[in-house]
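For reference, the structure discussed in these notes is given below.
For clarity, every value in this text was computed on a predicted model and none was experimentally measured. Computed from heavy atoms alone, side chains included, the values below leave out hydrogens, waters and symmetry copies.
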Amino acid sequence: MTSKEQKDIFVSLVTVVGSNNTVSLPELIKKSVHGLEERYSNFELIVVDNGLRADIFANLTGLLSELPCIRIIKLAQVRDFDTAAFSGIEAAIGD
């Protein structure tokens with residue numbers, strides 16, 4: 001799909017990340033934003049922090065100034081996946 005075929009709807013993508021994540025979060029976030037940019041003219045990526053280490057969280061917040069349309073939700077304590085995902089869905093603006 002080329003950029004001329006972008007859909008003119010607002011899309012929210014929610015991802016839950018926690019201490020057991022083994023992938024490179026900055027790389028995952030960048031790929032996700034790039035994919036959203038190609039397909040949608042309006043979007044947000046909501047990252048729900050469900051127990052990340054402090055150093056990984058710091059790396060993640062560094063992306064806020066680099067990439068558009070990212071929101072980070074830091075949960076007060078680690079929750080089960082469904083609860084963490086629901087918190088992101090509740091905060092979502094788009095479809």
Side-chain angles (χ1 to χ4, degrees):
M1 185 177 287
T2 66
S3 61
K4 293 181 181 181
E5 297 175 13
Q6 287 181 326
K7 294 183 181 174
D8 192 25
I9 58 174
F10 194 98
V11 173
S12 297
L13 175 64
V14 176
T15 185
V16 177
V17 295
S19 60
N20 61 349
N21 282 72
T22 57
V23 298
S24 169
L25 284 181
E27 189 63 30
L28 173 68
I29 300 300
K30 288 176 184 179
K31 285 182 180 180
S32 298
V33 167
H34 179 68
L36 289 166
E37 284 176 328
E38 288 180 342
R39 290 167 180 82
Y40 304 101
S41 56
N42 300 297
F43 66 91
E44 67 179 342
L45 174 60
I46 300 173
V47 181
V48 180
D49 173 1
N50 194 26
L52 287 174
R53 292 189 337 240
D55 60 324
I56 296 173
F57 181 76
N59 288 340
L60 187 61
T61 57
L63 293 175
L64 291 172
S65 62
E66 181 182 334
L67 299 171
C69 307
I70 298 176
R71 295 171 54 203
I72 300 173
I73 298 174
K74 184 167 181 62
L75 300 178
Q77 57 187 358
V78 176
R79 299 291 187 177
D80 62 273
F81 177 83
D82 291 342
T83 302
F86 186 72
S87 68
I89 293 168
E90 278 292 300
I93 297 170
D95 296 329

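Atom-to-atom distance recorded for Glu90:CD and Thr83:OG1 is 12.0 Å, nearest 0.5 angstrom. Between the OG atom in Ser24 and the CG atom in Leu28 there is a gap of 8.0 Å [rounded to 0.5 Å]. Going from atom CG of Leu67 over to atom CD of Glu37 covers 7.5 Å, rounded to the nearest 0.5 Å. Taking CG from Leu45 and NZ from Lys30, the interatomic distance works out to 13.5 Å, rounded to the nearest 0.5 Å.
Contact record, Gly51 with Val78: CA-CG2, 3.7 Å, taken as the closest heavy-atom pair. Nearest heavy-atom pair, Gly88 versus Ile46, reported as atom, atom and distance to 0.1 Å: O-CD1, 3.7 Å. For Asp49 against Lys74, the heavy-atom pair with the smallest separation is OD2-NZ, 2.9 Å.
Val14 is not connected to Tyr40 by any chain of hydrophobic side-chain contacts under 4.5 Å among Ile, Leu, Val, Met, Phe, Trp and Tyr, and they are in different clusters. Ile73 and Val47 are assigned to two separate hydrophobic clusters, defined by single-linkage of ILVMFWY side chains at heavy-atom distances under 4.5 Å. Under the 4.5 Å side-chain heavy-atom criterion for Ile, Leu, Val, Met, Phe, Trp and Tyr, Leu64 and Val48 are members of distinct hydrophobic clusters. Linking ILVMFWY side-chain heavy atoms closer than 4.5 Å, directly or via other members, places Phe81 and Val17 in two distinct hydrophobic clusters. The hydrophobic cluster containing Phe57 also contains Leu63, counting ILVMFWY residues as joined when their side-chain heavy atoms lie under 4.5 angstrom apart, directly or transitively.
For the pair Asn50 (side chain) and Arg79 (backbone), a donor-acceptor distance under 3.5 Å is present. Remark: side-chain polar atoms of Arg71 are paired, donor with acceptor, to backbone N or O of Ala91 under 3.5 angstrom.
A 6.0 Å sphere centred on NZ of Lys31 holds no more than 12 heavy atoms belonging to other residues, nucleotides or ligands. Environment of CG in Asp8: sparse, with no more than 12 heavy atoms of neighbouring residues, nucleotides or ligands closer than 6.0 Å.
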Discussion item. As a quick check of understanding, evaluate side chain to side chain contact (heavy atoms under 4.5 Å, CB included) for Phe43 and Leu13, giving each step before the final call.
Written reply: CA-CA 8 Å; Phe43 66 91; Leu13 175 64; over 6 Å; no
Item to complete: Would you please test Asn59 and Leu25 for side chain to side chain contact (heavy atoms under 4.5 Å, CB included) and show each step?
Response: CA-CA 9 Å; Asn59 288 340; Leu25 284 181; over 6 Å; no
Worksheet item: Passes side chain to side chain contact (heavy atoms under 4.5 Å, CB included), Ser87 versus Leu75? Steps please.
Response: CA-CA 9 Å; Ser87 68; Leu75 300 178; 3.6 Å; yes
Discussion item. Determine whether Glu38 and His34 satisfy the following criterion, side chain to side chain contact (heavy atoms under 4.5 Å, CB included), listing intermediate values before the conclusion.
Written reply: CA-CA 6 Å; Glu38 288 180 342; His34 179 68; 2.8 Å; yes
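Looking at Cys69 and Val33, their side chains never come closer than 4.5 Å, going by heavy atoms from C-beta outward.
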